[in-house]
Amino acid sequence: MKITKLTTYRLAPRWMFLKVETDEGVTGWGEPVIEGRARSVEAAVHELSEMIIGQDPARINDIWQTLYRGGFYRGGPILMSAISGIDQALWDIKGKVLGVPVYQLLGGLVRDKIKAYSWVGGDRPSDVISGINKLKNIGFDTFKLNGCEEMGIIDNSRKVDEAVAVVAEIREAFGNSIEFGLDFHGRVDAPMAKILIKELEPYRPLFIEEPVLAEQAEYYVRLAAQTHIPIAAGERMFSRFDFKRVLADGGLGIVQPDLSHAGGITECYKIAAMAESYDVAFAPHCPLGPIALASCLHIDFVARNAVLQEQSMGIHYNQGAELLDYVLNKEDFSMEDGHFYPPTKPGLGVEINEELVIERSKQAPDWRNPIWRYPDGAVAEW
Ligand SMILES: O=C(O)[C@H](O)[C@@H](O)[C@@H](O)[C@H](O)CO
Ligand SMILES: [Mg+2]
């Protein structure tokens with residue numbers, strides 16, 4: 001079998017799907033995208049396609065290594081997202097050819113279901129109580145919200161109190177009948193992360209995510225030393241080589257690689273295993289589309305240290321399309337009691353509505369993340 005064609009479809013809300021065709025009529029789908037830079041990843045996919053057209057799609061490991069090591073310059077969000085989507089599509093093809101779900105090719109099920117969590121509160125955490133109530137009524141008991149709005153490198157106690165008040169309101173309303181992660185979203189700098197974590201600790205969030213930017217990862221171990229709350233990070237780390245440093249330094253209780261940014265199934269399967277060797281939990285980042293989510297699930301069902309799965313149903317980014325809008329077999333991604341169950345169909349298990357994808361790709365938006373600024377006009381982390 002030979003790879004014959006790669007076609008990319010940029011789509012609302014901010015996704016990109018990749019179709020990989022072969023000379024034997026088997027096609028695979030992937031989701032190579034970096035939120036806000038879809039066109040850059042699209043160019044990277046087509047640049048990399050020169051290396052795989054004509055190759056045997058079964059040789060996933062050799063193709064991964066060639067795409068990664070074939071460039072003198074490698075790694076980073078754009079190239080690794082391109083490799084991720086290609087890798088996902090190759091696993092989809094392999095599973096379809098062999099007639100089994102991808103997790104069967106990775107040793108079979110390690111669990112029967114995986115707990116999902118949902119976002120509440122949007123970019124500026126508000127209305128979280130009504131958001132939690134709505135989702136609680138359909139079976140969720142685990143949530144994530146932004147931990148704060150813009151936060152100055154050194155900011156005032158009122159900003160800290162604002163962040164704490166949101167969390168206090170949640171605990172006041174729900175006690176510990178629900179759990180929630182706080183995503184600092186890289187908005188906070190090291191000096192303020194310390195005081196925020198100290199003031200939030202009494203409310204026992206399930207985890208604190210990206211308390212500082214990945215560029216400041218050396219602080220994870222220092223912040224972990226001051227708190228009992230697990231520190232989580234990983235959506236802005238793009239290969240085993242990015243994760244090895246933070247795992248060796250310690251400090252992370254949860255790694256959150258994104259299956260569409262960190263090298264796909266081939267690489268994230270290895271990252272999960274590395275994390276397990278450090279007794280660190282695995283909770284894939286996934287605010288994206290259905291192919292990215294399906295790829296996460298196949299690792300969740302083979303990695304014992306997988307604990308939670310992010311998914312984008314109702315997420316504040318999904319303007320113009322919802323998680324399953326382009327999926328024909330929606331029932332395979334329905335959640336029961338806030339859990340996903342193993343995909344059943346061969347490959348990734350996502351049946352893409354190709355007609356709709358082609359149609360909608362004609363009006364693809366160029367989503368961009370907002371640029372936030374402090375009151376003094378300086379750029380703030382979003
Ligand atoms: O945890 C999460 O889902 C992420 O922090 C998410 O909010 C961002 O990755 C966003 O998608 C970037 O555009
Ligand atoms: Mg995050």
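All ligand and atom numbering here is 1-based and tracks the order in the structure. Given the structure is predicted, the values throughout are model-derived calculations rather than measurements.
- Of all the heavy atoms of F184, none lies under 4.0 Å from any atom of ligand 1, so neither backbone nor side chain is involved.
- Assignment of K144 to the shell around ligand 1 is supported, since a heavy atom sits closer than 4.0 Å.
- Residue contacts with ligand 1: Y317 is placed with a nitrogen or oxygen under 3.5 Å of a nitrogen or oxygen of the ligand (distance criterion only).
- Checked against a 3.5 angstrom limit, the closest N/O atoms of E209 and ligand 1 fall inside it.
- For R187 and E381, the salt-bridge test fails: no basic side-chain N is under 4.0 Å from an acidic carboxylate O.
- Atom OD2 is the N, O or S atom of D183 at the shortest distance from the Mg ion (ligand 2).
- Residue E235 has at least one N or O atom closer than 3.5 Å to an N or O atom of ligand 1.
- Because its NZ or CZ atom is both nearer than 6.0 Å to the ring centre of W64 and within 45° of the ring axis, R240 counts as a cation-pi partner of that residue.
- The pair K19-E354 meets the salt-bridge criterion, with a side-chain N (NZ, NE, NH1 or NH2) lying under 4.0 Å from an Asp/Glu carboxylate O.
- Here the N, O or S atom of E209 that is nearest to the Mg ion (ligand 2) is OE2.
- Cation-pi geometry between R10 and W367 is not satisfied (NZ or CZ under 6.0 Å from the ring centre, within 45° of the ring normal).
- When only interatomic distances are considered, the shortest N/O to N/O separation between D183 and ligand 1 falls below 3.5 Å.
- By the 4.0 Å heavy-atom criterion, R14 is counted among the residues contacting ligand 1.
- If you look at F241 and Y68, their ring centroids are closer than 6.0 Å.
- Under 2.8 Å from the Mg ion (ligand 2) lies an N/O/S atom of E235, whether from backbone or side chain.
- For E201 and H228, the side-chain atoms include at least one donor-acceptor pair closer than 3.5 Å.
- Contact check on K96 versus D92 returns a salt bridge, with a Lys/Arg side-chain nitrogen under 4.0 Å from an Asp/Glu carboxylate oxygen.
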